[in-house]
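Lettering of chains follows the sequences in order, A, B, ..., and the numbering in each one begins at 1. Both backbone and side-chain heavy atoms feed into the values below; hydrogens, waters and symmetry mates do not.
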2 protein chains.
Amino acid sequence: MPLLLLKDLPRYECLLESAKEFPDLDPSAAEAYLHLLRAGDDAFAVAERNLDEHGISQGRFCVLMLLWRSVQPRAATLLGAEGCADGPRTPAELAEGANVTRATMTGLIDTLERDGFVKREPDPVDRRMMSVRLTAKAESFLRDFLPGHFRTTSKLMSALSESERKTLVRLLNKISTQAAAMAGGPATPPVPRPARHT
Amino acid sequence: MPLLLLKDLPRYECLLESAKEFPDLDPSAAEAYLHLLRAGDDAFAVAERNLDEHGISQGRFCVLMLLWRSVQPRAATLLGAEGCADGPRTPAELAEGANVTRATMTGLIDTLERDGFVKREPDPVDRRMMSVRLTAKAESFLRDFLPGHFRTTSKLMSALSESERKTLVRLLNKISTQAAAMAGGPATPPVPRPARHT
DNA sequence: CAATTATCGTTAGTGCCCTAACTGTCTGCC
DNA sequence: GGCAGACAGTTAGGGCACTAACGATAATTG
């Protein structure tokens, strides 16, 4: 359960009523927003149960998948890395790819190394850097774990037809695009922080 | 940022290729799953920035909204509580409504009380229980904060038309239903009433 | 009534995420 | 060469989520 959320979402009629009190409340927008978070949470919780049973968290799984791209030269491009430099990767690169801070990545690598999934090695050229590599244990773990993980996501999405999946992805992409526009401000001037109202 | 996720999702063609190596991988299912988590995360991040700027987290906001149902007798049913007993609420009820453990709720109430948003009072009847009430500070905070929050979600969903929103909610509900079926055990939920779940 | 059982809230310990600040190393510019 | 700035990784401290266990209280039951 990644994010704390109301157990029972308000019904649509309730949103309509609340909109009388709050003119800024757009009932259908709020409904879509709440259901998006709810469905994402539900889907994630199902997948997370798989992970938990194998003693691995979403964050750790993400790191393993990123490192796996390096191990699998022919799968590297297949899994989506385009500027894929194979070979070991640094904590900073991993943090970038996993969308967390370097400090967080340090903690993740700490526990992964403690549990024998990865290995730190100093970079011989640049002594500031470390190289992180998967161990054989991690590779065999992934080969055992991934099929079940894929079956879980397949079953989860079995409720949707092929065309429904396409529609869903298209709508979700619209939301992500809008979120990116609201978050970073693609046309933000060199000012580091956006000084304008949202 | 609630959950750690790959920054760049694999492209669909990459999933198709990976499916050759992993027969269990259903490309369109994996694509839908990843985009769902991504969009949910993006949408949540936008809303969370609003919250952060007001020094409040999603969890704390959730608690305040639950308590607010009690404060607003006419809004109580409107916001979706059906068996809504008005008046103060106990940590156990709040934990149930927010979908967290009682221990987590203790921590949330701790910080909310420290910051002056809620107040604990011992229940005069049952000395095991506590009553949690919103302070005036919290009520005025919500009245200031909610309009902006609603505008944010409206803007986020402005990328979708009314009919697209309906479609999205319908598809998301299918996923949530399927997730519930997968989470609650393969066979049956043996509890018609939420009495004893252990 | 006394003993068992259940419930409530809390505490202790762990994990993962963040920000801020620090150490060590490399780079660029004089 | 030497030094300011940039960069990599870590550490320290806080917040929020979990589980497991505890003391206090209430409810149930023999």
- Apply the test salt bridge (charged side-chain N to carboxylate O under 4.0 Å, His left out) to residues A/Asp110 and A/Arg120: give CA-CA distance (whole Å), side-chain angles for both, the deciding distance (0.1 Å), then the verdict. CA-CA 9 Å; A/Asp110 279 348; A/Arg120 277 187 175 97; 2.9 Å; yes
- Query: Can you list the steps and then say if B/Phe117 with B/Ile56 is a side-chain contact (heavy atoms from CB on, under 4.5 Å)?
  - Reply: CA-CA 10 Å; B/Phe117 285 107; B/Ile56 206 91; 4.2 Å; yes
- Item | Side chain A/Arg49, main chain B/Met182, donor-acceptor under 3.5 Å | yes
- Message: Whole angstroms only, please: what is the CG-P distance between A/Leu64 and C/dC16?
- Response: 12 Å
- Item | Nearest-Å distance for atom pair CE/C1', residues A/Met105 and D/dA8 | 14 Å
- Task: Could you check how far CG of A/Asp123 sits from C1' of D/dG9, rounded to whole Å?
- Result: 13 Å
- Rounded distance in Å - CG (B/Leu108) to P (D/dG14): 18 Å
- When the nearest nucleotide of DNA chain C is assigned to B/Met129 and to A/Val125 on a heavy-atom basis, which residue is associated with the more 5' position? B/Met129
- With side chains defined as the heavy atoms from C-beta onward, is the minimum distance between B/Glu164 and A/Lys174 less than 4.5 Å? yes
- Query: For B/Asp52 and D/dC16, what is the distance between atoms CG and C1' respectively, to the nearest whole Å?
  - Reply: 13 Å
- Message: Tell me the interatomic distance from A/Phe44, atom CZ, to D/dA17, atom C1', rounded to whole angstroms.
- Response: 12 Å
- Message: For the backbone of A/Thr90 and the side chain of A/Ser131, can you confirm whether one donor and one acceptor N or O come within less than 3.5 Å of each other?
- Response: no
- Item | Non-hydrogen side-chain atoms of A/His35 and B/Asn173 separated by less than 4.5 Å | yes
- Taking only N and O in the side chain of B/Ser57, is any of them less than 4.0 Å away from OP1 or OP2 of D/dC16? yes
- Message: Please report the distance, rounded to the nearest Å, between CG in A/Leu94 and C1' in D/dA8.
- Response: 13 Å
- Any donor-acceptor pair under 3.5 Å linking the side chain of A/Glu121 with the backbone of A/Val132? no
- Query: Hey, does B/Leu64 have a side-chain heavy atom less than 4.5 Å from the side chain of B/Phe141?
  - Reply: yes
- Task: Between A/Asp126 and B/Asp126, just flag the one whose closest nucleotide in DNA chain C comes earlier from the 5' side.
- Result: B/Asp126
- Task: Would you indicate, yes or no, if D/dG9 has its OP1 or OP2 atom less than 4.0 angstrom from a side-chain nitrogen or oxygen of A/Thr106?
- Result: no
- Query: Can you tell me if the side-chain N/O atoms of A/Arg120 get under 4.0 Å from OP1 or OP2 in D/dT10?
  - Reply: yes
- Task: May I ask you to decide if B/Leu160's main-chain N or O and B/Arg165's side chain share a donor-acceptor pair within less than 3.5 Å?
- Result: yes
- Note on the structure: Side-chain contact check for A/Arg60: nearest option of C/dT25, C/dC16, C/dG9 is C/dC16
Below 3.5 Å between N/O atoms, which protein atoms pair up with nucleotides 4-7 of chain D? Just atom names and distances, please.
{"from": "D/dC7", "atom 1": "O2", "to": "A/Arg128", "atom 2": "NH1", "distance (Å)": "3.2"}

- Does B/Ala103 or B/Arg114 map to a spot on DNA chain D nearer the 5' end, using the closest nucleotide for each? B/Arg114
- Find the distance B/Glu96:CD to C/dT7:C1' and express it as a whole number of Å. 14 Å
- Item | Helical bend (five base pairs per end, nearest 10°) for the helix from C/dC1-D/dG30 to C/dC30-D/dG1 | 10°
- Message: If you compare every side-chain N and O of B/Thr101 against the phosphate oxygens of D/dT19 (OP1, OP2), does one of them come in below 4.0 Å?
- Response: no
- B/Thr104 side chain N/O closer than 4.0 Å to the phosphate oxygens (OP1, OP2) of D/dC18? yes
- Item | Between B/His149 and B/Phe61, ring centroids under 6.0 Å | yes
